Amino acid sequence: RGAKHVLFVSNWPVSSGIARCFAVSTLLIRNIRTLVSCDDHNTVYENVDLYAEDGFIRAIGKNLPQQADKVIDARHMLCYPGLVNTHHHLYQIFSRNLPEVQNMELFDWLRALYEIWKNLDEDVIRLSTLTGLGELMKHGCTTCFDHHYVFPAGAGDLIGAQFAAADEIGARMYASRGSMDLSKKDGGLPPDSVVQTVDEILSDSARIIERYHDKSFGAMHRVALAPCSPFSVSADLLRESAVLARQYGVRLHTHLCETKDEEAFMLAREGVRPLEYMENLGWTGDDVWFAHGIHFNDEELRVLAKTRTGVAHCPISNMKLSSGIARIPEMLSLGVPVGLAVDGSASNDGSSLMEELRVSYLLHRLNSSKAAPSGYELLKMATRGSAAILGRSDDIGSLAVGKCCDLFLIDSRRLELVGACFDSKSVLATVGVRGAVDYTVVQGRVTVEQGHLVTVDEESLAREAEEKCRAYLNR
Ligand code: ZN
């Protein structure tokens, strides 16, 4: 029986994950009202068909003749490339909206929450990943990078649990082997039980890369190395992580320049500002991206641009924790690679990259309506910009022949969009879409249909996750 099953799915590349085995092999989206491709030429198509095979786009054009296993009538639909989330902490879904931490800023907030996070296990990771990816996909996101850095002793294979959950729900997953090696006794913030030695971290990092990182075109699973932040890890760990990442050809990620507290901490401990510290440890380059990047000075922005070091912009989290406003207009004009992100659910309280698009659009207008990015620039930041900082400009982030079929569709006839779709390129950021999208497609597989997840039973997932969350928080 096993052999027959393998024959049945033999046209799917084995390396690309279990999820594909369940995908329809061909998909035709007919008569799309407007397709905003975000391609190299900013092409916007009207009344076109899109045809995908084996998860890849094979044709975009008028009256495509193919039949397909799955056909979607999109005559009233707006079609966009799947949104790409460049920074999350999915496990934090189970520690959001907690009254006792709502008014804290970053350092106090972290100290309080580590007391909860030290109890996480494989089930917390599985269910929070399913919940978070589900919410992201219902709002048009198709690829999620997760920065997981809490590895309590004996908690199991947390990254394996994440990839299994992503396969189950059908999302493209970019996981990370995060790390912390400085606990309270070393002047860091976390308790002793969630930090590890540099040797433990590096050997597990190598294991996870070898086991899960798939460098192939269209990969559903990739891995980055992501020590938590310069104030929770040692210089040795940062330096050695960069060496290991480059040996394996994987990317590097951490939090940087999120708060003025961090800047003061680094100046006091190291005598240099955060970016200079990271640069000295090998942490700049086109294989590195930082979350937040709020408090860079002019010279540091030029260093980022020159070295092609990326920034994951997390507007809602930055507002919630009163961290500041990232200098996104300056970054864009200097050519710093920038992507969009939701950040962890404990500092966002939600997981909608679609909401982030509109909030970001409005936030930068507070400073200057002339310099602020346009609605379309923000859409491109959340798609091709995000794909670029994940090192995936080749296969995701825009809709073109040969690329992965990752997209979402929104019915232009919904009440909230009446009179608003004359400029489809900017409407997601300027007007905003608050309800679920109508369809989400990841690697040619429909994962959201008529606003609901179709890969998992949404109601029973929500029930099971709520029960686990209550047990974990012990309330
Ligand atoms: Zn974060």
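In each ligand, atom 1 is the first atom listed, and ligand 1 is the first ligand listed. Only a predicted model underlies this, so the values are computations on that prediction, with no experimental measurement involved.
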Exercise. Taking the N/O/S atoms of His255 one by one, which is nearest to the Zn ion (ligand 1)?
Worked result: NE2
Exercise. Can Glu464 and Arg126 be said to form a salt bridge (charged side-chain N to carboxylate O under 4.0 Å, His left out), step by step?
Worked result: CA-CA 11 Å; Glu464 192 187 350; Arg126 184 181 91 82; 3.0 Å; yes
For this session: Kindly say whether the aromatic ring centers of His255 and Phe231 come within a distance under 6.0 Å.
Result: no
For this session: Please check if any side-chain donor atom of Ser216 sits under 3.5 Å from a side-chain acceptor atom of Asp214, or the reverse.
Result: yes
Problem set entry | Degrees at the Zn ion (ligand 1) between the NE2 atom of His87 and the NE2 atom of His89, nearest 10° | 100°
Problem set entry | Atom of Asp343 nearest the Zn ion (ligand 1) (restricted to N/O/S, atom name only) | OD1
Exercise. Is Asp457 paired with Arg463 through a side-chain N to carboxylate O contact shorter than 4.0 Å?
Worked result: no
